[in-house]
Amino acid sequence: MHVPSITERLDHWADVQPDALFLKDLETGDTLTYQQFRNAVHGLKHRLGDEPRTVALAQLGSSGAAVAWIAALTGGHLLIPCPPEATDDEKARLAASYQPNIAIVPNTEAARGFGGTIEQTITAEELNASLADWAEQTPDGMGPEAAGFVCLTTSGTTGTPKGVRLRADQVAWTADQIRMRHQLTQADRGLCVLPFFHINAPVVSLCTTLMAGGTVIVAPRFSRSRFWNWIEHEQITWASIVPTILAVLLQTERPAWLPGRLRFVRTASAPLPLVQLKAFEKRFGIPVIETYGLSEAAATVAANPVPPEIYKPGSVGLPLGVELRVCFPLDEAQPSLLLDVPEGEEGEICITGPSVIAQYDNGASATSFCGEWFRTGDLGRLDEDGYLFITGRMKDVINRGGEKIAPREVEEILLEHPLVKDVAVVPAPDPIYGQQAIAYIVYHENTGGGSYAGLHEHCARKLSSYKIPSKFITVKELPRTRTGKIQRHLVGMSTEVPRARNMRYGVA
């Protein structure tokens, strides 16, 4: 199956519908038609030069970040996305691994952390001014594509972050698969509120929209107070969010105008509790399309169909652009052996396909690769219809005297309790059983906390006795990554949990 390249799609839409709106930046109000976006990409490619460069990009979601992604991927460069608020130490570690030549950053001070390899700095102000000029300068097409790369790091919640290097054609492949699964067309308008230094926003929102010939509306960050206004005023038909955002939206009132043009919201990047999915659909009347993705596969490996096709709440859907198996966990004595579990049983999710990397940078975690197959480290099962259900992470499983406890299962049960807002179940040493399960509980505001006995009884009605947490500990907030994943190795380490998540998602 031939999938058009990013350059081919951009050239096609810029020729077929040059005046159609491709991108709107909600921060600045700036807009770019398909013709103007192609012009801007060409302008930045000319600025970066014909020789392959390594570009450190530290920008929030914006028209500039969008142009930088496409210019790097189609100009033969290596793009290194980085959070704008990254510390100098974090930037120095990236610089040590990739030696960036060019930094696209909020201001000149932000480039200093990358060290002495930076030859050229482009600030956000300078880039925005240049975009306005480039947009009106029409080149003779974009020229032949020089395929570039993007290198991201895994979240590192269970170990040392690893480098994931993706080719432009892998990004295009996944984006086109998402386009087809979500049934996106030129009439669709997507809302992007996720950061551009992770894989989701640039692939799922930006490149998928480009493949479909639609419009993408980009915000620098999520805003609880403005989200529904954006949906209404921008005539949004679909939005890409994470479970953290969905949980925040559950604290808002239902706008009277819903559903408007909004067909669905899709979630990714972290597990979505079933109780929250059902509550969202009941309150807002909008389908929630669960998906499952990995940086190692250019964003998405499974997704539910959109209505009127069957989507299954609690499942992350059908494989998307990959072959997928559920296998017995790695046998250290036979690392090259990959065996499927019986149908319907839990095992490790393994994938292969055009979007899947063949190795990590520097050969890290070589046992994650078995021939053409990648061991994801995630646990799941397939139902009789081929829908995938995620059950947890292999490294998160708690071993209580030989009995295995999946934290996600216990968390789902606790989230059904009306007083519980958020929860993390983690292991703790036990002198008899080796490990025991501990639950850290965030209560809803103004509830005055809850009865631990009540939580124990709630679990006892729904879980086997060995799965019931031995302790329930109240905390104000749980440590999460920028995409909403619980950082289990940080849970319980301090009573002062950083509030960076709320700041990043605009809910502080």
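All values below come from the heavy atoms of this structure, side chains included, with hydrogens, waters and symmetry mates left out.
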Are the side chain of Asn304 and the backbone N or O of Glu290 linked by a donor-acceptor pair below 3.5 Å?
yes
Can you confirm whether the side chains of Ser225 and Ser223 place a donor and an acceptor under 3.5 Å from each other?
yes
Are the side chains of Val316 and Leu272 in contact, using a 4.5 Å heavy-atom criterion?
no
If you measure from CE on Met211 to CZ on Arg179, what distance do you get to the nearest 0.5 Å?
8.0 Å
What's the spacing between Phe114 CZ and Ile80 CD1 if we round to 0.5 Å?
9.5 Å
Any cation-pi pair here, Arg167 with Phe149, using under 6.0 Å and within 45°?
no
Kindly determine whether Arg93 and Asp88 satisfy salt bridge (Lys or Arg N to Asp or Glu O under 4.0 Å), including the steps that lead there.
CA-CA 9 Å; Arg93 287 194 290 272; Asp88 284 349; over 6 Å; no
Do Arg47 and Glu126 meet the salt-bridge criterion of a basic N to acidic O distance under 4.0 Å?
yes
Can you list the steps and then say if Ser240 with Leu194 is a side chain to side chain contact (heavy atoms under 4.5 Å, CB included)?
CA-CA 8 Å; Ser240 181; Leu194 300 181; 4.0 Å; yes
Could you check whether Asp383 pairs with Lys312 (Lys NZ or Arg NE/NH1/NH2 to Asp/Glu carboxylate O, under 4.0 Å)?
yes
Taking it one step at a time, do Asp396 and Arg408 satisfy salt bridge (Lys or Arg N to Asp or Glu O under 4.0 Å)?
CA-CA 9 Å; Asp396 293 338; Arg408 183 178 180 184; over 6 Å; no
Short side-chain donor-acceptor distance under 3.5 Å, Arg224 and Gln251:
yes
Do Leu379 and Ile390 come close enough that some side-chain heavy atom pair is under 4.5 Å?
no
What do the steps show when you test Asp176 against Arg181 for salt bridge (Lys or Arg N to Asp or Glu O under 4.0 Å), and what is the final call?
CA-CA 9 Å; Asp176 205 50; Arg181 182 64 52 85; over 6 Å; no
Phe227 and Thr252, any side-chain heavy atoms less than 4.5 Å apart:
no
Assess, by modelled atom type and distance only, whether the side chains of Asp30 and Ser63 contain a donor and an acceptor separated by less than 3.5 Å.
no
side-chain hydrogen bond (donor to acceptor under 3.5 Å, both in side chains) partners for Gln170, two or more places apart:
none
Any salt bridge between Asp361 and Lys162, counting N to O under 4.0 Å?
no
Where do Cys350 and Phe374 land on the side chain to side chain contact (heavy atoms under 4.5 Å, CB included) test, with the steps shown first?
CA-CA 5 Å; Cys350 301; Phe374 172 63; over 6 Å; no
Nearest 0.5 Å, please: how far is OH in Tyr34 from CG in Asp11?
12.5 Å
For Asp378 and Tyr292, test the side chains for any donor-to-acceptor distance below 3.5 angstrom and give the result as yes or no.
yes
Using only heavy-atom distances, determine whether the side chains of Gln17 and Gln35 contain a donor-acceptor pair under 3.5 Å.
no
If we count only N and O atoms by modelled type, under 3.5 Å, do the side chains of Tyr360 and Glu296 hold a donor and an acceptor together?
yes
Using ring-ring contact (aromatic ring centres under 6.0 Å, His included) as the criterion, list what pairs up with Phe284, not counting sequence neighbours.
Trp228, Phe280
Is there a side-chain hydrogen bond (donor to acceptor under 3.5 Å, both in side chains) between Asp133 and Gln137? Walk through the geometry before answering.
CA-CA 7 Å; Asp133 292 336; Gln137 300 172 7; 5.7 Å; no
Would you say that Val193 contacts Leu191 through its side chain, given a criterion of any heavy-atom pair below 4.5 Å between the two side chains?
yes
Going through the distances and angles, do Lys278 and Glu412 end up as a salt bridge (Lys or Arg N to Asp or Glu O under 4.0 Å)?
CA-CA 12 Å; Lys278 290 181 177 179; Glu412 291 269 4; over 6 Å; no
